[in-house]
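Down below is the structure, laid out as structure tokens.
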Amino acid sequence: MALLTVKGLSVGYGSQVVAENISFEVNTGDYLCIVGENGSGKSTLMKTLLRLQKPVKGEILTGEGLKENEIGYLPQQTVVQKDFPASVREVVLSGCQGRDGFRPFYSSDDKKRAAENMEKMGITDLAGKCYRDLSGGQQQRVLLARALCATSKLLLLDEPVSGLDPKVTAEMYTLISELNKEKVTIIMISHDIGTAINYADHILHIGDSVFFGTRDEFLGSKAGKFFLMMQSRDAGTFTPPKTRKTMKKEDDVNG
């Protein structure tokens, strides 16, 4: 059974549907990128997958022993969150709370897990600093370490590079890719489609129509070509992502 299976899902608020007829599967080790126009329901879908709101219709099934409290989540940051007055260590440790229910104290295992994830994100030297005094890139690393304290199986990331400069954006994508290579399954929403799908192996596009398939299937589909054309128009310039076949040819030529 897949790690996560979604069947005939409609999401929204109350009876108001913002996206419907969504079906897809995510297996252990997959890297799924969710794309679509603004307002198409991407963040609503993610909140529904996290059980933060009920689906209007359809099913969400988990497999491979995945529990609801074993999903790490990195949400879009708000101004209030960016100004949160806590130390980096405290923010990262708070990711352990959902694993075994609320506890007044953190266990030695929790503290060890937090320390390991801070080291993995390269923020050990920031442990005692106030979260609100960090740069945007440092804050995202802290939140990613926090999400990892909740899971070693599945990470849901909602616009993880939003507002970051190009250098820090590239660093974040590299960190996420490295986690995926360690068999952490990734589901990521991104507006930065040109870069994001270079890392993903599957694409879910939601909007007027729903597409789910491999990265190359998306690039060759009508929905994929139209979406990339619109992205190119809006951005002014756009370099189409390489297909796996193109990258293999380049590797053969170079090597």
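If you check the side chains of Asn117 and Arg146, you find no donor sitting under 3.5 Å from an acceptor. A donor-acceptor pair shorter than 3.5 Å can be found between the side chains of Ser43 and Gln76. Between Tyr106 and Gln97, the side chains place a donor N or O and an acceptor N or O closer than 3.5 Å (distance only, hydrogens not considered). Side chain to side chain, Ser107 and Asp110 meet the donor-acceptor criterion of an N or O pair below 3.5 Å.
Side-chain atoms of Phe211 and Lys222, non-hydrogen and from C-beta on, never get closer than 4.5 Å to each other. The shortest side-chain heavy-atom distance between Lys42 and Met46 does not fall under the 4.5 Å cut-off. Between Leu204 and Ile187, the closest side-chain pair of non-hydrogen atoms is not below 4.5 Å. The closest side-chain heavy-atom distance from Leu179 to Leu148 is below 4.5 Å. Side-chain atoms of Gln138 and Val88, non-hydrogen and from C-beta on, never get closer than 4.5 Å to each other. Side chains of Glu90 and Tyr131 form no contact here, defined as non-hydrogen atoms less than 4.5 Å apart. Thr151 is not listed as a side-chain neighbour of Ile71, based on a closest heavy-atom distance of 4.5 Å or more. At least one side-chain heavy atom of Val92 sits under 4.5 Å from a side-chain heavy atom of Val142.
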Under the criterion side-chain contact (heavy atoms from CB on, under 4.5 Å), I'd like the reasoning laid out for Leu219 against Ile203: C-alpha separation, chi angles, the key distance, then a yes or no. CA-CA 9 Å; Leu219 292 175; Ile203 306 294; over 6 Å; no
Step-by-step side-chain contact (heavy atoms from CB on, under 4.5 Å) determination, Phe24 to Val210: CA-CA 10 Å; Phe24 63 93; Val210 176; over 6 Å; no
side-chain contact (heavy atoms from CB on, under 4.5 Å), that's the test. Do Ser190 and Tyr199 meet it? Break it down for me. CA-CA 12 Å; Ser190 181; Tyr199 291 91; over 6 Å; no
Could you walk me through whether Tyr13 and Thr44 pass the side-chain hydrogen bond (donor to acceptor under 3.5 Å, both in side chains) check? CA-CA 9 Å; Tyr13 301 91; Thr44 305; 3.2 Å; yes
Gln140 vs Leu74, side-chain contact (heavy atoms from CB on, under 4.5 Å): CA-CA, chis, key distance, verdict: CA-CA 8 Å; Gln140 287 298 82; Leu74 197 163; 3.7 Å; yes
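To the nearest 0.5 Å, atom CZ of residue Arg215 and atom CG of residue Leu32 are 13.5 Å apart. In this structure, Thr185 OG1 and Leu154 CG are separated by 6.0 Å, a value rounded to the nearest 0.5 Å. To the nearest 0.5 Å, the span separating CG on Asp208 from OG on Ser40 amounts to 9.5 Å. Rounding to the nearest 0.5 angstrom, the gap separating the NZ atom in Lys153 from the CG atom in Leu3 is 7.5 Å. Here Met188 contributes atom CE and Leu156 contributes atom CG; the two are 11.5 Å apart, rounded to the nearest 0.5 Å. Atom SG of residue Cys96 and atom NZ of residue Lys111 lie 11.0 Å apart, to the nearest 0.5 angstrom.
Listed for the Asp165 side chain is a donor-acceptor partner under 3.5 Å among the backbone atoms of Val168. Remark: the backbone N or O of Gly8 is paired with a side-chain donor or acceptor of Ser23 at under 3.5 angstrom.
No continuous path of ILVMFWY side-chain contacts below 4.5 Å connects Ile34 to Tyr31, so the two sit in separate hydrophobic clusters. Cluster membership check: Ile22 does not share its hydrophobic cluster with Val17, using side-chain heavy-atom separations under 4.5 Å among Ile, Leu, Val, Met, Phe, Trp and Tyr. Hydrophobic clustering, with ILVMFWY side chains joined whenever heavy atoms are under 4.5 angstrom apart, groups Tyr173 together with Leu155. There is no path of hydrophobic side-chain contacts, each under 4.5 Å, that joins Ile206 to Val35. Note: the hydrophobic cluster containing Ile176 also contains Ile123 (ILVMFWY, side chain heavy atoms under 4.5 Å, direct or indirect links).
Nearest heavy atom pair, residue Val11 against residue Gly41, reads CG2-O, 4.4 Å. Heavy atoms only, all atoms of each residue included: Gly136 and Leu164 are closest at C-CD2, 3.6 Å. Across all non-hydrogen atoms, the minimal contact from Met118 to Arg89 is SD-CA, 4.2 Å. Residues Val91 and Ala86 come closest through the heavy atom pair CG2-CB, 4.1 Å. Smallest separation of non-hydrogen atoms from Gly29 and Asn180: O-ND2, 3.1 Å. Closest approach of Pro85 to Arg132, counting heavy atoms only: CB-NH1, 3.6 Å.
Residue-environment remark: CD (Gln53) exceeds the threshold of 12 foreign heavy atoms within 6.0 Å. Other residues, nucleotides and ligands contribute only 12 or fewer heavy atoms inside 6.0 Å of the CG atom of Asn38. Within 6.0 Å of the CD atom in Glu182, the count of heavy atoms belonging to other residues, nucleotides or ligands exceeds 12.
With respect to Glu171 and Lys167, a salt bridge is recorded, a charged nitrogen being found less than 4.0 Å from a carboxylate O.
With sequence neighbours left out, the side chain to side chain donor-acceptor pair (under 3.5 Å) criterion links Glu25 to no other residue. Under the rule for a side chain to side chain donor-acceptor pair (under 3.5 Å), Thr124 has no partner lying at least two apart in sequence or in another chain.
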Between side-chain atoms of residues 56-64 and protein atoms elsewhere (two or more places apart, or another chain), which donor-acceptor pairs fall under 3.5 Å?
| from | atom 1 | to | atom 2 | distance (Å) |
| --- | --- | --- | --- | --- |
| Thr62 | OG1 | Leu66 | O | 3.4 |

